[in-house]
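Report on one structure; see the data block that follows.
Please read these numbers as outputs of a predicted model, since none were measured by experiment. Letters go in sequence order (proteins before strands), and every chain restarts at 1.
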Amino acid sequence: MNERLFKARVLENTPASPGYMLISLECLEDIKRPIPGQFFMIRLCSGNDPLLRRAFSLHAWIGKNRFQILYRIKGIGTKILSEIQKGQTIDVLGPLGNGFPKRKAERHVLVAGGIGIAPLIGLAETMDEKDKLSFFMGFRTKTEAICLDRVNKMAASVSVATEDGSLGQKGTVIDILNKNLNNIKSTIIYACGPRNMLKRVSDVALRHAIDAYLSMEEYMACGLGSCLGCVIRTTQGYKRVCKEGPIFDHREIVW
Amino acid sequence: MNERLFKARVLENTPASPGYMLISLECLEDIKRPIPGQFFMIRLCSGNDPLLRRAFSLHAWIGKNRFQILYRIKGIGTKILSEIQKGQTIDVLGPLGNGFPKRKAERHVLVAGGIGIAPLIGLAETMDEKDKLSFFMGFRTKTEAICLDRVNKMAASVSVATEDGSLGQKGTVIDILNKNLNNIKSTIIYACGPRNMLKRVSDVALRHAIDAYLSMEEYMACGLGSCLGCVIRTTQGYKRVCKEGPIFDHREIVW
Amino acid sequence: MVRVEVDIGRLHLKNPVITASGTFGYGEEYSDLVDLNRLGAIVAKGISLKPMDGNPPPRICETPCGMLNSIGLQNVGIDVFIKEKLPFLRRYDTRIIANILGNTIEEYVELAMRLDDVVDAIELNISCPNVQGGGIAFGRDLRMTEELIFSVRKAAKKTLITKLSPNVSDIGEFAKVSEASGSDALSLINTVMAMSIDIKTRRPRLFSVMGGLSGPAIRPIAVRMVWEASRVVRIPVIGMGGIMKAEDAIEFLLAGATAIAVGTANFVNPRATIEVIEGIEEFMEKGKIDNIKDLIGGLIC
Amino acid sequence: MVRVEVDIGRLHLKNPVITASGTFGYGEEYSDLVDLNRLGAIVAKGISLKPMDGNPPPRICETPCGMLNSIGLQNVGIDVFIKEKLPFLRRYDTRIIANILGNTIEEYVELAMRLDDVVDAIELNISCPNVQGGGIAFGRDLRMTEELIFSVRKAAKKTLITKLSPNVSDIGEFAKVSEASGSDALSLINTVMAMSIDIKTRRPRLFSVMGGLSGPAIRPIAVRMVWEASRVVRIPVIGMGGIMKAEDAIEFLLAGATAIAVGTANFVNPRATIEVIEGIEEFMEKGKIDNIKDLIGGLIC
Ligand SMILES: Cc1cc2nc3c(=O)[nH]c(=O)nc-3n(C[C@H](O)[C@H](O)[C@H](O)COP(=O)(O)OP(=O)(O)OC[C@H]3O[C@@H](n4cnc5c(N)ncnc54)[C@H](O)[C@@H]3O)c2cc1C
Ligand SMILES: Cc1cc2nc3c(=O)[nH]c(=O)nc-3n(C[C@H](O)[C@H](O)[C@H](O)COP(=O)(O)OP(=O)(O)OC[C@H]3O[C@@H](n4cnc5c(N)ncnc54)[C@H](O)[C@@H]3O)c2cc1C
Ligand SMILES: Cc1cc2nc3c(=O)[nH]c(=O)nc-3n(C[C@H](O)[C@H](O)[C@H](O)COP(=O)(O)O)c2cc1C
Ligand SMILES: Cc1cc2nc3c(=O)[nH]c(=O)nc-3n(C[C@H](O)[C@H](O)[C@H](O)COP(=O)(O)O)c2cc1C
Ligand code: FES
Ligand code: FES
């Protein structure tokens, strides 16, 4: 455990696409470099409403004590976050959770649904063998498609699907995954996105008998393993997303 | 009743002295010009905490639909108000309450304790006979003394007291009032300040058998006369500060 | 157009949005800011036989996402209410509900009898935490609740609403007893007994030491109680407690409330009632819900 | 230096700041962020005889100035607690209080007997709103409360604390019965039963429909109950419910609490306990209050 409670200065907080924001933070004290897949809990007000911290994955580490979070404006908490100005300081707890495992493989397949792209960018950036990297991304529509440039620069192959067909293939990320996942010897999947998408990624992985690591989400209060609020069902009983997760071997999850 | 619920744009929100701020507002719709002594209820957040509006007297009317409030940073609500930036809009209800009566007299004596100066400036500015105006002001210390320039320009005579003697007489505003209130034929007092000060103003007025109008404060929820939260004891039973007040004839108050 | 009328006993409301007693004065306080014709009903400030002074100040204070009050039922008394307040309210196209409080069953009965012909419904306040005797003394005792409702029921023909206290172990029991004794509907919740202390002066923030907690802070408690109560009775429930916006109102409807009342929100946003009405209609239109009855009790669980 | 020690029965605490059960795990979860040696005591997550799975997710949700939880007492069971969790806690210079929950009196007694030698005090959780049977079933019934405490009292010698439920009509009655049956101290309040609905899905936000409300929203209710309870008993009261800062803790002390517990605040600010301790000391120094006993019950009214 190496989490810390620290203040971070906002270096930048700008729209990434309509409804999505990218915030760059500089920690005001030294923190351990987080592993991709780990997350931070951010406090949104010094008052009592909204009360709880919000969880955000590491998006990218951008040098000593500096990192980025990519987030979607969903409700009140992320709205407040989106209004925080450059130069202000915020209260952060982290890094938390286990992070993605470092594995060797012939092919690394990264599957992102919507804002699920956030931690996968950080993961891709720390991978040594970029030529073995395939990215599958699904969005609702073209305007929501984020991180395309970065992904294009990083990955050996990139496939995009949109629900309305305004960009890439029309359909879901699972559709394009199914179509393209032929050559699967020694393939590992890393996925982040809505629960339903993750379940279908798990189905794909099961069918091909390959490994898949999923970044799971559940409502959280503490992020530290103490409240037992964030559990999900696994083959070994309830596990805490904030402590035993958020990255789980897909075979563990009881859907 | 002519109160309205309206949005106002912040033209300026700057320190007047340490711990005191002056905010200038422009109403985004037409409001009735408020009478000095009337007040506004300002909402401080679009969320639920702090929940209730805060009451602030009209400080000065600065042209069509523009007015100022002078306030002391006291707790959480005024702290939030002090952080509102130029250009933002806030949610305002008012003008509320009765305001000071317009009376003729040989001498108008304005007595302010601390932030109590706020509504008295507006009152002085609307008075026709500035040469009949005497200002008595009390502060804790020199750095807190506000509005001196404006008062000096407006009033025929100005007396200042500070508790620590760092400016003017050492003592309270009541001390200097007592010393200087000799020539009292046809004098009217208008006072605003802490309850204890107002009581002593009332004692002075009783002793000299002159009229005094006091701006009273009580915790408020609605400002509209509906919650019955803001009552004070008067000779005719409880009266609502927000509706029958905030300005009361000192003889009415049961201390 | 979506259909938003609801029935509370024999009382027909054009929409389910009501003002909570004590938070909307006698209506006139809001008439410059709110078109009273648009409200489902107005519940007036609680009335007693004789005018009441109420408690000494301070009577209110703020708490996290809520407020305490100990008004102590200051009110003009039934005579002035009927002579001066009602005629004003009667000019509007909305239903008028009187909220009444007595010290004895006889007082409640007399109040109800005198109001029976002049208002559209009577709400029995047996849950006021801010008066000695009467009020909550009834609302925390099942047998007294029963006797009181039974007596008032015999004396008045208009729709009879019993306003329950949340300061009990089992709201369901009180709901059932109220129904069995002849109540046509339930209102819940009244404020939760609470207290706050100024640590500088070491004194209670309210003169009366304890007061009633209202506002968003209590909403989850209120939703729970509305759900618990509405499941055990067949009479309609009017839900309230921390409703600030249409979303909150819909939460109560789903939990089983047939109508809802807006209370503390009127202080924070005088136009809250109107925004709630408009917001409910908008939600129904977007969700293609034609009739509000499809929302009421619509919780899936 | 100000004196901040307090006694809870025969339990001596170096300061009055305790962690509330279920909000500080087994201590180890916070050991990187908080110097556990500085705490007055740690109350561990509620323990049962057998390990418990708890309720299905979602188990928590946010409400205005508060949160709901329906953890359902997921815990490692007494064996693992004693073998794995206690040894870690014992390395610190702080008092360890076990919070226990059973389905029957016999279970409570067995838990208490087994813990009697290894912890510093036992807190009887008779107020958990999140488990079927046991818990709140005891805490809402005076006779059962009495019997339970009496039985556990006979079985255990350590300081016995009874944790009361706020979901009752009259907290004073439960306080008195607890004292009379042999409880050395009271803890209050546990969470308030509440509920929240997602209007889009029409489902409860918690899998278990109802949950317990905690956080600043309930503070005024908790302060009231601490005041009511501490006035009718002579045993010390541990106050809790929405304490976020030292000022809040002092409010409880003035209301009559001898010690206080920090709960939900640990989630929001992991260092809350330490800030509360430091803040109380600072307040005392500024106010020239030498001994914390001068604050306890210091409400003027
Ligand atoms: C481990 C983890 C990592 C995450 N990383 C990211 C990220 O990198 N970028 C990003 O945009 N979002 C991320 N999320 C989701 C993010 O936490 C939620 O979108 C956010 O909490 C919503 O808060 P809100 O107040 O805007 O929404 P509201 O819906 O108003 O929130 C209400 C409550 O529900 C909780 N909540 C709502 N949605 C979620 C959710 N999906 N997961 C957990 N709690 C939720 C909130 O925390 C809050 O307590 C992550 C979630 C987890 C658990
Ligand atoms: C009619 C009227 C006119 C006022 N005019 C001015 C003015 O022109 N300038 C100015 O600086 N202040 C004025 N005040 C006082 C001002 O309302 C309070 O200072 C302010 O509400 C404090 O809010 P807070 O959140 O900063 O303080 P907190 O102490 O945190 O407030 C907590 C609660 O107490 C209430 N409260 C605290 N102090 C007062 C008070 N003195 N009167 C009423 N409620 C209070 C708050 O509204 C809030 O609900 C006026 C008050 C009234 C009643
Ligand atoms: C200032 C105030 C006065 C109230 N007066 C009464 C009253 O006279 N009669 C009554 O039955 N309820 C009264 N109530 C309770 C409200 O009608 C309502 O039940 C409660 O406040 C919960 O709703 P809310 O959270 O929306 O305010 C009063 C509440 C407040 C805040
Ligand atoms: C997530 C969570 C878990 C809890 N678990 C327990 C428990 O196991 N035993 C218990 O007696 N109380 C439990 N409680 C209640 C707290 O100990 C405390 O009484 C309550 O939350 C009020 O304090 P607070 O508002 O400071 O959180 C729990 C509370 C929360 C929020
Ligand atoms: S968020 Fe508290 S245990 Fe995971
Ligand atoms: S503030 Fe509500 S009546 Fe005056």
Check: Should the heavy atoms of other residues, nucleotides or ligands under 6.0 Å from CZ of A:Arg140 be counted, would the total exceed 12?
Finding: no
Next item on the list: Of all the heavy-atom pairs spanning A:Leu51 and D:Met67, show the shortest one and how long it is.
Entry: CD2-N, 4.4 Å
Note to self: Testing the basics here: between D:Ile60 and A:Ala221, what is the closest heavy-atom pair and its distance to 0.1 Å?
What the structure shows: CD1-N, 3.2 Å
Check: Take atom CZ in D:Arg203; do more than 12 heavy atoms of anything else shown fall under 6.0 Å from it?
Finding: no
Check: What distance do A:Tyr219 atom OH and D:Leu206 atom CG have between them, rounded to the nearest 0.5 Å?
Finding: 10.5 Å
Checklist line | Beyond-backbone contact of D:Asn266 with A:Ser226, side-chain heavy atoms, under 4.5 angstrom | finding: no
Item checked: Side-chain donor/acceptor of D:Arg59 to backbone N/O of A:Leu228, under 3.5 Å -> yes
Notebook entry, point to check: Is it true that a side-chain atom of A:Glu218 and a backbone atom of D:Pro57 form a donor plus acceptor pair closer than 3.5 Å?
Noted result: no
Note to self: What part of D:Thr63 gets within 4.5 angstrom of chain A, counting heavy atoms only: side chain, backbone, both, or neither?
What the structure shows: backbone
Check: Side chains of D:Asn269 and A:Leu5: does their closest heavy-atom pair fall under 4.5 Å?
Finding: yes
Note to self: Just so I understand: if I count every heavy-atom pair under 4.5 Å between each of D:Ala265, D:Gly242, D:Pro56, D:Gly54 and chain A, which residue has the most?
What the structure shows: D:Pro56
Note to self: Applying side chain to side chain contact (heavy atoms under 4.5 Å, CB included) to A:Arg240 and D:Gln74, what does each step give before you reach the verdict?
What the structure shows: CA-CA 11 Å; A:Arg240 297 166 295 186; D:Gln74 174 178 345; 5.6 Å; no
Next item on the list: Answer yes or no: is there a side-chain heavy-atom contact under 4.5 Å between A:Cys227 and D:Asn69?
Entry: no
Next item on the list: Pick whichever of A:Leu93, A:Leu52, A:Asp91 has the most heavy-atom pairs under 4.5 Å with chain D.
Entry: A:Leu52
Margin query: Distance check, rounded to the nearest 0.5 Å: D:Tyr30 atom OH versus A:Glu3 atom CD?
Written below: 10.0 Å
Margin query: Other residues, nucleotides and ligands only: do more than 12 of their heavy atoms fall within 6.0 Å of CZ on A:Arg43?
Written below: yes
